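Note sheet for the following structure.
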Amino acid sequence: MNEQLLEKYARIAVKVGVNLQKGQPLIVNAPIGASDFVRAITKVAYECGASIVRAEYHDDLQTKLRYTHSDESYLEYFPDWRAKYMENFAADGAAVISVLAPNPDLMADVEPSKLSKANKATAKAIQPYREIVNKGGVSWLGIAVPSPEWAKKVYPELSEEDGINALWENILKITRADQDDPIKAWEDHVTILQGKVDYLNDLNIDHLIFEAPGTDLKVKLPKGYVWEGGGSVNTKNDAYFVPNIPTEEVFTMPHRLGVDGTLASTMPLSYNGVLIDEFSFTFESGKIVDFTAKQGYETLKGLLETDEGSMYLGEVALVPVTSPIYQSKKVFFNTLYDENATCHFAIGRAYPSTIEDGIHKSIAQLKEAGANFSVVHVDFMVGGDSLDVKAVTEDGRTVELMKDGDWV
Ligand code: ZN
Ligand code: ZN
């Protein structure tokens, strides 16, 4: 990997992604294979005045050994000291970059019930940390680098080396890192997303209508809905950060109890290393009352049965087919990329920031206002060039938002 390009990519992570401020600590979560990129991030971060950069390395294969060899009862053990560590660095104002090197099929042969057990325990243990994040007090970022397994999945026809190179090329293009001035390109992009957000927030939408093959869905928005896109302002240090690189979406929350009709996926979903494909849902008053899946049915079932809220939706997002990810005509088998290819929904938790004053509301108040709550938040894709989206406003007007997958 070309060192200059890697540094440009690292600059996007530090300056656009978490927008690191002078004197701020930085935590970098990364797989062991991403050490070159972590070093590039570290260099840029210290140049930007980081007080300390701490790399937290993990190894997916070592994680997998726990599922295959540990006594099952211990899978629910999440050490308190680990949760406290996260709470403490968040309270200390640290920024957090999570580098992903996806391995889409890693957990395919692990029992889904084991994964959901451990995930549930993790989600519960780190809830206090999540609260700080949800209240906007942590500048965080998810950004990806190729892994050999990911490259093989996206480019099965290429050799490992060619696949990794091809994936890098795509990543750098999609994230604008290959442009002369990536920081300026991101400023322009975020401004466009903000324009959509402002338009939708002023529209007084009562509900949205999604129509596509297999999809006929009415999605009520709660009173005081807030669309977001691009990034948001850290409530502690007032710095604007962009938590997903890439990001092409504008999103809000559906009313927990206001979703009715059918909804069909248009892309596979990689969940816990298992692929779920060609799935669909039937909703009644917000609840999933029926579902199908050609592949990964048991995993989908496990996900939906996580808790009460995992039977409801927490996010609705609009992404035009002009997105560079959709244009790449590739399925990336990874949510960070695929969710920014096309329109999507999320099963589970709603972002409190997507309803008026939500970050100051308790869970009970959020639920009362129509927000869904769950320990999971899993995006799945429903968009494509045959999707139409309309908004029906509170005063009864119908406004076409998307036609054939693109903004009207
Ligand atoms: Zn989304
Ligand atoms: Zn989401």
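Just so you know, ligand 1 is whichever comes first in the structure, and atom 1 is the first atom listed for that ligand. Please read these numbers as outputs of a predicted model, since none were measured by experiment.
The existence of a salt bridge linking Asp260 and Lys218 is excluded, since no basic side-chain nitrogen approaches an acidic carboxylate oxygen closer than 4.0 Å. By the 4.0 Å N-to-carboxylate-O rule, Glu56 lies close enough to Arg82 to be salt-bridged with it.
Closest N/O/S atom of Glu249 to the Zn ion (ligand 1): OE1.
Distances from the Zn ion (ligand 2) show that His377 has an N/O/S atom below 2.8 Å. Between the Zn ion (ligand 2) and Glu339 there is no N/O/S contact shorter than 2.8 Å.
Rounded to 10 degrees, the OE1-metal-OD2 angle spanning Glu315 and Asp379 at the Zn ion (ligand 2) equals 140°.
Centroid-to-centroid, the aromatic rings of Tyr337 and Tyr326 stay 6.0 Å apart or farther.
Using modelled atom types, one finds no donor on one side chain facing an acceptor on the other under 3.5 Å when comparing Asp60 with Gln62.
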